[in-house]
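For this chain, numbers begin at 1 and follow the sequence in order.
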Amino acid sequence: MFRSEGTFDVTVKDAYLSEPKFNKQTAQFDVCLLVETDDGQSDHWNGEWSDVLGTGNYANIPQWQSTMETLNKIGWSGDAQALFSQAVPDDNGRVTLPFLIGLKTTATTKASDPEKSKTGKIYYNVQYLGGGGAAPKALNFQAFQQMMGVTTQQQNQQQQVQQQVQQTQQTTQPQGNGVSGTNVQGNPFSRIPQQG
């Protein structure tokens with residue numbers, strides 16, 4: 001269970017087809033994903049598989065298509081035929097989707113209305129996967145340099161180069177072709193092996 005509202009980094013821990021949770025009359029089934037944070041908060045997300053039109057931003061497409069869009073948004077690139085052709089039974093006979101397990105995404109949770117709950121308690125349910133309005137987290141530049149193996153000495157050299165560039169830009173007027181005459185060397189990432 002989630003303990004608060006918010007947007008959390010999660011990993012898909014289980015993926016299977018389930019009986020419809022919300023639309024039992026017209027839905028054929030749900031695509032069900034168990035998502036979990038690093039600290040153990042978890043919940044199920046259900047993507048309805050039916051021809052019923054969605055609501056809100058999805059009012060013009062059927063629920064199954066909205067489900068497929070969410071699966072693509074969280075990192076799976078496939079269509080409905082690929083989804084079902086890769087489904088396999090597990091030891092308990094469940095229809096599982098093991099190719100979705102391990103995907104990393106975000107889950108946005110929302111508090112339930114305690115008056116509508118059978119127990120009168122507040123639950124924090126997954127409303128959206130793959131963003132739900134959350135912006136991607138930007139990398140910290142120093143952490144990025146450390147990931148790339150840039151040493152403190154190289155970091156200091158880069159800061160000096162950046163300061164020189166800023167000073168030069170402030171004092172150097174563009175020459176005839178509109179390009180400054182200063183040539184700055186010292187890219188600290190030049191040691192990164194090139195892929196090829």
Problem set entry | Atom pair CD/NE2 of Glu36 and His44 - distance to nearest 0.5 Å | 10.5 Å
Exercise. Same hydrophobic cluster for Trp76 and Tyr16, using side-chain heavy-atom links shorter than 4.5 Å among ILVMFWY?
Worked result: no
Exercise. Between Asn125 and Ser112, what is the shortest heavy-atom contact and its length?
Worked result: ND2-CB, 3.8 Å
For this session: Look at atom CG of Asp39 and say whether more than 12 heavy atoms of other residues, nucleotides or ligands are closer to it than 6.0 Å.
Result: yes
Exercise. Are Trp64 and Leu53 linked, directly or through other ILVMFWY residues, by side chains that come within less than 4.5 angstrom of each other?
Worked result: no
Problem set entry | Name of the residue among Leu103, Asp43, Leu71 meeting side chain to side chain contact (heavy atoms under 4.5 Å, CB included) with Leu33 | Leu71
For this session: Mind running side chain to side chain contact (heavy atoms under 4.5 Å, CB included) on Leu83 and Phe99 for me, showing each step along the way?
Result: CA-CA 9 Å; Leu83 181 72; Phe99 49 91; 3.9 Å; yes
Exercise. What are the two closest heavy atoms between Ala111 and Ile122, and how far apart are they?
Worked result: CB-CG2, 3.7 Å
Exercise. In a check of side chain to side chain contact (heavy atoms under 4.5 Å, CB included) between Cys32 and each of Val95, Leu97, Asn46, which one passes?
Worked result: Asn46
Problem set entry | Shortest non-hydrogen separation from Phe2 to Gln41 and the atoms involved | CA-OE1, 3.4 Å
Seminar exercise, completed: Closest non-hydrogen atoms of Val35 and Ala107, given as atom of the first, atom of the second and distance, are CG2-CB, 4.3 Å
Problem set entry | Check: Val12 and Trp45 side chains under 4.5 Å, non-hydrogen atoms | no
Problem set entry | Student check: side-chain heavy atoms of Tyr124 and Met1 closer than 4.5 Å | no
For this session: Kindly work out whether a path of hydrophobic side-chain contacts (I/L/V/M/F/W/Y, heavy atoms less than 4.5 Å apart) joins Tyr128 to Ile61.
Result: no
Problem set entry | Shortest non-hydrogen separation from Met68 to Ala80 and the atoms involved | CE-N, 3.5 Å
